[in-house]
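Counting starts at 1 for both ligands and their atoms, following the listed order.
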Amino acid sequence: MPLFSIPKEVAVGTAMLGVAFATGVLAAKRYPLLGFGTHKPPRGFGKSSPLSQYILDHSLREHPILKKLRMLTADHPFGMMMVSCDQAQLMANLVKLIKAKKVLEIGVFTGYNALNMALVLPDNGRVVACDINEDYAKIGKPLWKEAGVEHKIDLRIKPAIQTLDELLANGEAETFDFAFIDADKESYNEYYEKCLRLVKKGGIIAIDNVLWNGRVLKPRKDDLAAQCIHHLNEKLLRDARINISTLPMGDGVTLAFKL
Ligand SMILES: C[S@@+](CC[C@H](N)C(=O)[O-])C[C@H]1O[C@@H](n2cnc3c(N)ncnc32)[C@H](O)[C@@H]1O
């Protein structure tokens with residue numbers, strides 16, 4: 001008779017938890033900040049699920065300096081804010097496909113996606129990168145330089161609405177090829193409307209976090225971010241100025257193709 005005995009169900013449950021934990025740790029070690037961050041992935045398709053892992057193992061072609069920045073960002077207390085690397089790769093492919101020259105990044109953080117887009121733009125291309133926090137961008141800046149694309153990134157530290165208004169006032173309407181919206185969710189509708197004016201016909205606006213960790217299903221009255229994203233999702237569905245596709249990638253991304 002063992003000194004301490006526990007019921008079989010408890011032992012099995014504990015062992016399963018241990019395996020789940022170990023799998024999560026291993027997956028996180030392999031691809032830290034794959035992008036779900038604090039946002040829970042759709043059920044059965046978590047970042048540690050074998051299928052998600054398979055997709056990444058068979059599709060991710062990350063530039064070594066992007067990988068370096070991802071690793072650096074993983075150590076940041078808000079590292080979970082970083083865009084998912086598979087989503088960033090899709091954006092780089094779209095930017096290349098449409099032969100973009102001028103792109104917008106609304107919400108830069110450590111600059112992973114700004115770098116990601118700058119890497120595929122032509123030498124005279126430009127990323128107008130908007131954020132309110134310079135300290136975050138300071139983490140990525142040396143790597144923008146190391147990658148030789150620093151000259152393509154025009155970082156504007158002020159509220160993004162102000163930068164977008166300045167671009168419009170400067171006669172830059174319909175001159176951008178691509179925009180990525182990834183800052184404060186409460187301003188998403190305004191960002192979208194301004195981007196729609198700044199982006200050319202045939203250009204693309206990518207909107208991140210459109211599933212908001214599933215909270216868009218039943219947005220609570222006190223969850224302003226979920227309300228704003230949900231209202232925008234409803235509006236986009238009926239917006240005759242664009243075609244759309246919503247992908248369950250990362251925390252959900254909608255691609256709006258300007259008509
Ligand atoms: C989710 S992170 C962006 C992640 C980034 N796109 C990447 O490639 O990893 C959101 C960023 O939006 C910025 N932000 C929040 N409110 C803002 C505002 N009003 N104007 C500009 N940036 C803002 C935050 O400082 C933060 O860096």
Side-chain angles (χ1 to χ4, degrees), residues 31-39 60 62-63 65-95 103-121 127-141 143-144 147 149 152-168 178-195 198 204-213 215 224-226 228-229 249-255:
Y31 293 111
L33 292 186
L34 274 183
F36 293 120
T38 51
H39 309 294
L60 193 66
E62 196 178 34
H63 188 287
I65 302 181
L66 276 176
K67 184 172 179 187
K68 210 164 155 183
L69 182 50
R70 176 160 59 85
M71 296 303 187
L72 260 181
T73 307
D75 291 333
H76 192 278
F78 301 130
M80 81 297 271
M81 288 207 297
M82 200 195 91
V83 68
S84 69
C85 42
D86 49 345
Q87 194 182 322
Q89 183 170 298
L90 171 67
M91 288 191 279
N93 282 331
L94 289 171
V95 164
V103 305
L104 259 170
E105 168 92 350
I106 303 175
V108 178
F109 189 40
T110 60
Y112 184 92
N113 193 49
L115 171 60
N116 169 59
M117 296 198 291
L119 282 166
V120 295
L121 285 177
V127 183
V128 176
C130 315
D131 209 293
I132 41 174
N133 187 322
E134 191 156 27
D135 290 341
Y136 295 156
K138 275 186 187 155
I139 298 170
K141 265 185 170 179
L143 295 177
W144 300 350
V149 296
K152 298 187 208 171
I153 305 176
D154 172 3
L155 179 65
R156 312 244 181 135
I157 301 294
K158 58 179 83 166
I161 295 284
Q162 205 178 314
T163 300
L164 301 181
D165 283 339
E166 285 168 7
L167 293 168
L168 286 166
F178 188 93
F180 181 46
I181 301 178
D182 191 19
D184 52 313
K185 311 307 161 197
E186 294 78 6
S187 306
Y188 260 34
N189 185 52
E190 251 186 295
Y191 293 147
Y192 168 67
E193 286 299 334
K194 290 185 195 297
C195 284
L198 287 162
I204 302 172
I205 304 170
I207 305 162
D208 201 18
N209 304 110
V210 296
L211 302 180
W212 202 231
N213 191 14
R215 294 205 289 274
L224 189 57
C228 291
I229 295 171
M249 200 176 220
D251 189 30
V253 58
T254 292
L255 301 175

Student: Which one of Ser187, Gly111, Gly107, Ala88 has a non-hydrogen atom at the shortest distance from atom 3 (C) of ligand 1?
Tutor: Gly107
Student: Show me which atoms of ligand 1 lie under 4.0 Å from any heavy atom of Phe180.
Tutor: 6 (N)
Student: Give a yes or no on whether the backbone of Lys185 and the side-chain of Trp212 come within a donor-acceptor separation of less than 3.5 Å.
Tutor: no
Student: Counting from 1, what ligand 1 atoms have a heavy atom of Tyr191 closer than 4.0 Å?
Tutor: 18 (C), 19 (N), 20 (N)
Student: Name all residues meeting the ring-ring contact (aromatic ring centres under 6.0 Å, His included) criterion together with Tyr192; count only those two or more places apart in sequence or in a different chain, and write none if there are none.
Tutor: none
Student: Under a 3.5 Å distance rule, please check whether Lys152 uses its side chain to pair with a backbone N or O of Leu121 as donor and acceptor.
Tutor: yes
Student: Among residues at least two apart in sequence or on other chains, which ones pass side-chain contact (heavy atoms from CB on, under 4.5 Å) with Ala92?
Tutor: Asn116, Val120
Student: Could you tell me if any non-hydrogen atom of Phe78 lies under 4.0 Å from any atom of ligand 1?
Tutor: no
Student: Show me which atoms of ligand 1 lie under 4.0 Å from any heavy atom of Met82.
Tutor: 9 (O)
Student: Less than 3.5 Å between some nitrogen or oxygen of Glu105 and one of ligand 1, yes or no?
Tutor: yes
Student: Search all heavy atoms of Ile132 against all heavy atoms of Ile157 and return the closest pair with its distance.
Tutor: O-CG2, 3.7 Å
Student: Atom 2 (S) of ligand 1: which of Asp182, Ile157, Ile181 has the nearest heavy atom?
Tutor: Asp182
Student: I'd like to check which ligand 1 atoms, numbered from 1 as shown, lie under 4.0 Å from a non-hydrogen atom of Asn113.
Tutor: 8 (O)
Student: Looking only at atom types and distance, does a side-chain atom of Asp131 sit under 3.5 Å from a main-chain N or O of Phe109, one as donor and one as acceptor?
Tutor: yes
Student: Below 4.0 angstrom from a heavy atom of Asp184, which ligand 1 atoms are there? Numbered from 1 as shown, please.
Tutor: 15 (C), 16 (N), 17 (C), 18 (C), 19 (N)
Student: Using distance alone, determine whether Val83 and ligand 1 share an N or O pair under 3.5 Å.
Tutor: yes
Student: What atoms of ligand 1 come within less than 4.0 Å of a heavy atom belonging to Tyr136?
Tutor: 25 (O), 27 (O)
Student: For atom 1 (C) of ligand 1, what's the nearest protein heavy-atom neighbour? Residue, atom name and distance, please.
Tutor: Met81 O, 3.2 Å
Student: Determine yes or no for a side-chain-to-main-chain donor-acceptor pair under 3.5 angstrom, with Asp251 supplying the side chain and Asn213 the backbone.
Tutor: yes
Student: Would you give the length of the straight line joining atom OG1 of Thr254 to atom CD1 of Ile205, rounded to the nearest 0.5 angstrom?
Tutor: 11.5 Å
Student: Kindly confirm or rule out an N or O of Phe109 lying under 3.5 angstrom from an N or O of ligand 1.
Tutor: yes
Student: Taking all non-hydrogen atoms of both residues into account, name the closest pair between Trp144 and Gly111 and its distance.
Tutor: NE1-O, 3.3 Å
Student: Under 4.0 Å, heavy atoms only, figure out whether ligand 1 is touched by the backbone of Val108, its side chain, both or neither.
Tutor: backbone
Student: Mark up the atoms of ligand 1 that fall under 4.0 Å of a heavy atom belonging to Pro159, in ascending order.
Tutor: 20 (N)
Student: For Ala160 and ligand 1, does the shortest N/O to N/O distance drop below 3.5 Å?
Tutor: yes
Student: If you look at every heavy atom in Cys195 and Ile106, which pair is closest and at what distance?
Tutor: SG-CD1, 3.5 Å
Student: Please write down residue, atom name and distance for the protein heavy atom closest to atom 23 (C) of ligand 1.
Tutor: Ile132 CG1, 3.6 Å
Student: So which heavy atom in the protein is nearest atom 26 (C) of ligand 1, and how far is it from that ligand atom?
Tutor: Asp131 OD2, 3.5 Å
Student: Hey, is the main chain of Asp208 close enough, under 3.5 Å, to the side chain of Tyr188 for a donor-acceptor pair?
Tutor: yes
